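These numbers were taken from a predicted model, which means no experiment stands behind them.
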Amino acid sequence: MPSEMLEKQLEYIREITDFIPEIAIVLGSGLGDLADEIQTEYVV
């Protein structure tokens, strides 16, 4: 089930950081240049 997969991913992220973003941007292929242009606080 998709919700179980999301829960596992959330659990993993919470294990490695307690950072809670105000805004999150998920970049796929072809958008890496955008990541170079913005200020990032944390990268997972």
- Over 12 non-hydrogen atoms of neighbours within 6.0 angstrom of CZ in Phe19: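 Correct, the count exceeds 12.
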What residues form a side-chain contact (heavy atoms from CB on, under 4.5 Å) with [X], not counting sequence neighbours?
X: Gln9; answer: Met5, Leu6
X: Ile38; answer: Ile25, Leu34, Thr40
X: Leu10; answer: Arg14

